[in-house]
Amino acid sequence: MRAMALVDGLLMASKFRGCMLGVLVGDCLGFPYEDDVKPSYVVLQNFFDTLESSTVKAPRLIYTDDTAMTHCIAESLIKKKEVDARDLAKRFVKEYLNQPPDRGYGIHVREVFHKLRASKFEDPLRPAREQFGGSGSWGNGGAMRIAPIALFYRGQGTQLLGDMARKVTEVTHTHRNGINGAILQCLAIEQCLWLDPKEGVKGGTFLEELIAKMELFEGEENDNGLLGRGEEAKPFSSRLHYIRGLLQREGKAIDEKEDVLMKLGAGIAALASVPTAIFCFLRAHTTTIPNIETSNPLRRTIQYAISLGGDTDTIGSMAGALSGATLGYSDEYFSKKMLKRCDGVDEALSLADELLAKSPRTTA
Ligand code: F2R
Ligand code: MG
Ligand code: MG
């Protein structure tokens with residue numbers, strides 16, 4: 001049985017804050033390492049230790065496109081109280097054009113923004129459909145920004161959640177993997193909202209529920225004959241099955257990381273990053289991890305995600321969203337000193353509160 005009844009209004013409010021802060025902190029802490037060579041355990045341990053303890057004035061950690069676009073979706077939902085693709089497209093473009101520092105948007109998604117603006121947002125879905133010769137983007141840009149959809153439409157049923165995740169993603173991403181990655185991250189965050197933080201996470205149960213939901217969406221495509229020749233039938237579901245095996249493995253510390261990188265990946269593709277983020281969250285919430293010294297599961301999640309290298313801001317941010325949605329917001333997890341170093345904290349907190357107030361579900 002789901003732990004739904006245990007989540008009261010206060011805890012849900014805390015989980016909204018935890019989730020939005022998880023997105024932000026994972027992004028801010030991961031960005032310095034994005035596309036860098038895999039950072040060593042020692043470097044990362046020092047980085048996190050210093051963040052949590054140092055009173056020395058140090059440079060601020062800026063957030064990137066992951067958080068900027070997440071905030072656009074939250075603002076649009078708050079204003080429109082539903083998914084409105086044109087409003088969203090306008091907000092993405094305005095935010096992109098007004099970005100004060102370089103927020104690290106990818107080269108290709110910028111084309112979508114320029115086309116949207118040039119076409120005066122006449123058909124807000126058209127530029128995305130034209131990407132990559134018509135195949136659409138399979139990048140993780142849809143998944144990295146999906147948290148507000150999971151929060152806003154929590155408890156409204158799997159089909160609605162998936163449909164809404166698809167709708168916001170299609171403004172920039174139309175490849176099935178770009179869309180399904182966003183759906184999977186959305187479903188996973190929503191599941192975290194109903195977990196009792198005191199009980200902890202049970203990896204096997206969490207995955208079973210998630211696989212059953214994801215197979216609905218991936219199965220639908222097969223039934224409708226949407227698969228191209230040679231395409232893997234249920235790539236996200238099959239990676240979730242793989243994760244279940246990894247979590248059950250004996251002597252897990254040994255060489256696990258190489259398997260994770262080889263089988264799941266840590267790249268910019270949705271398929272090579274969303275299952276990875278889910279794995280980081282589940283691993284960090286179910287055991288200690290060698291070379292990561294902390295009793296804080298949120299820190300362990302983000303530190304582990306960054307230690308994999310590659311798309312560190314995005315995998316850190318997606319894993320952080322899952323961890324924050326499970327634990328909620330408290331100093332114990334989000335230390336004051338660390339939050340002081342990150343840009344955008346107040347904005348993330350107030351968007352979390354407004355999203356909760358405006359969401360259709362009035363009880364937890
Ligand atoms: N882009 C980055 N990081 C790169 C470093 C940026 C650097 N600082 C700079 O100055 O340029 N980070 C952010 O982008 C990722 C999310 O990307 P999104 O929104 O999905 O973008 P896009 O352009 O749609 O896809 C990303 C890349 O994937 C490849 N790709 C996607 N679909 C493809 C297809 N059908 N065929 C071939 N290639 C495809 C392309 O290389 C795209 O550029 C996050 O990491 C975020 O942090
Ligand atoms: Mg980024
Ligand atoms: Mg990234």
Side-chain angles (χ1 to χ4, degrees), residues 22-39 61-73 88-89 91-93 95-96 99-116 125-147 165-166 168-185 228 230-232 235 265-277 280 302 305-321 342-344 348:
V23 169
L24 175 80
V25 168
D27 184 15
C28 288
L29 272 52
F31 186 46
Y33 301 98
E34 193 186 24
D35 289 333
D36 205 346
V37 277
K38 232 184 326 174
L61 295 164
I62 59 160
Y63 63 82
T64 76
D65 54 343
D66 306 54
T67 301
M69 295 183 91
T70 300
H71 288 187
C72 288
I73 294 179
L88 213 48
R91 286 176 195 274
F92 286 159
V93 171
E95 170 64 35
Y96 165 69
Q99 52 180 325
D102 178 7
R103 298 260 186 235
Y105 288 89
I107 304 162
H108 290 91
V109 77
R110 296 178 209 184
E111 282 170 17
V112 175
F113 299 148
H114 288 298
K115 282 189 184 175
L116 281 167
L125 304 185
R126 187 171 169 173
R129 282 199 302 266
E130 293 173 351
Q131 286 295 86
F132 301 100
S135 67
S137 172
W138 40 241
N140 54 19
M144 74 186 184
R145 65 185 192 226
I146 207 66
R166 170 189 295 277
V168 296
T169 302
E170 280 174 346
V171 177
T172 50
H173 293 64
T174 61
H175 190 284
R176 66 187 282 257
N177 285 354
I179 291 171
N180 284 337
I183 292 177
L184 176 57
Q185 173 69 1
E231 272 192 85
E232 207 181 323
I268 211 163
L271 191 57
S273 53
V274 179
T276 312
C280 291
I302 296 176
I306 297 173
S307 79
L308 297 175
D311 196 357
T312 48
D313 65 332
T314 304
I315 300 176
S317 179
M318 293 191 293
C342 298
D343 265 338

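For this chain, numbers begin at 1 and follow the sequence in order. Note that ligands are numbered from 1 as they come in the structure, with each ligand's atoms numbered from 1 the same way.
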For [X], which part has a heavy atom under 4.0 Å from ligand 1: side chain, backbone, both, or neither?
X	answer
Ser137	both
His173	side chain
His175	neither
Phe132	side chain
Glu111	neither

Of the listed options ([options]), which comes nearest to [atom] when hydrogens are ignored and any heavy atom counts?
atom	options	answer
atom 45 (O) of ligand 1	Asp311, Ile107, Asp313	Asp311
atom 27 (C) of ligand 1	Asp65, Ile268, Ile315	Ile268
atom 15 (C) of ligand 1	Thr64, Thr314, Asn140, Thr174	Asn140

### Query
Can you tell me if CZ on Arg126 sees more than 12 non-hydrogen neighbours from other groups inside 6.0 Å?
no
Could you tell me if the side chain of [Y] sits less than 4.5 Å from the side chain of [X], heavy atoms only?
X	Y	result
Leu61	Phe31	no
Phe132	His175	no
Thr172	Arg145	yes
Gln131	Thr174	no
Glu95	Phe113	no
His108	Ser137	no
Asp27	Cys342	no
Met144	Asp65	yes

Students should be able to answer this: which protein heavy-atom is nearest to [atom], and at what distance?
atom	value
atom 35 (N) of ligand 1	Gly136 O, 2.9 Å
atom 38 (N) of ligand 1	Trp138 CZ2, 3.3 Å
atom 21 (O) of ligand 1	Val109 CB, 3.8 Å
atom 42 (C) of ligand 1	His108 ND1, 3.6 Å
atom 8 (N) of ligand 1	Gly104 CA, 4.2 Å
atom 11 (O) of ligand 1	Arg110 NH2, 3.3 Å

For [X], take its heavy atoms, then give the atoms of ligand 1 lying under 4.0 Å from any of them.
X	answer
Gly141	16 (C), 18 (P), 19 (O), 20 (O)
Asp35	4 (C), 5 (C)
Ser135	35 (N)
Glu34	2 (C), 3 (N), 12 (N), 45 (O), 47 (O)
Gly106	1 (N)
Asp66	46 (C), 47 (O)

Considering all heavy atoms of both residues, which atom of [X] and which atom of [Y] are nearest to each other, and what is their separation?
X	Y	answer
Val274	Ala143	CG2-CB, 3.5 Å
Gly142	Thr169	CA-CG2, 3.9 Å
Gly316	Ala305	CA-CB, 3.9 Å
Leu88	Cys72	CD1-O, 4.1 Å

State whether the shortest distance between N or O atoms of Gly142 and N or O atoms of ligand 1 falls below 3.5 angstrom. no
Can you see whether Asp313 engages Thr64 through a side-chain donor-acceptor pair at a distance of less than 3.5 angstrom?
yes
* Do Ser273 and Asp311 get their side chains close enough for a donor-acceptor pair, meaning under 3.5 Å? -> no
Sub-4.0 Å heavy-atom contact, Met69 with ligand 1
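It does not, in that no heavy atom of Met69 comes within the 4.0 Å cut-off of ligand 1.
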| At the 4.0 Å heavy-atom cut-off, does Gly133 count as touching ligand 1? |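 Per 4.0 Å heavy-atom rule, Gly133 does not contact ligand 1.
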Any idea how His71 and Tyr63 line up, ring-wise: parallel (<30°), tilted (30 to 60°), or perpendicular (>60°)?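 Plane angle between 30° and 60°, so tilted.
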- May I ask you to decide if the ring planes of His114 and Tyr96 are parallel, tilted or perpendicular, using 30° and 60° as cut-offs?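 Plane angle over 60°, so perpendicular.
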Practice prompt. Show all protein N/O/S atoms under 2.8 Å from the Mg ion (ligand 3), or state that there are none.
Written response: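 Under 2.8 Å from the Mg ion (ligand 3) - ignoring waters, which are not counted - the protein N, O or S atoms are Glu34 OE2, Asp311 OD1, Asp313 OD1, Thr314 OG1.
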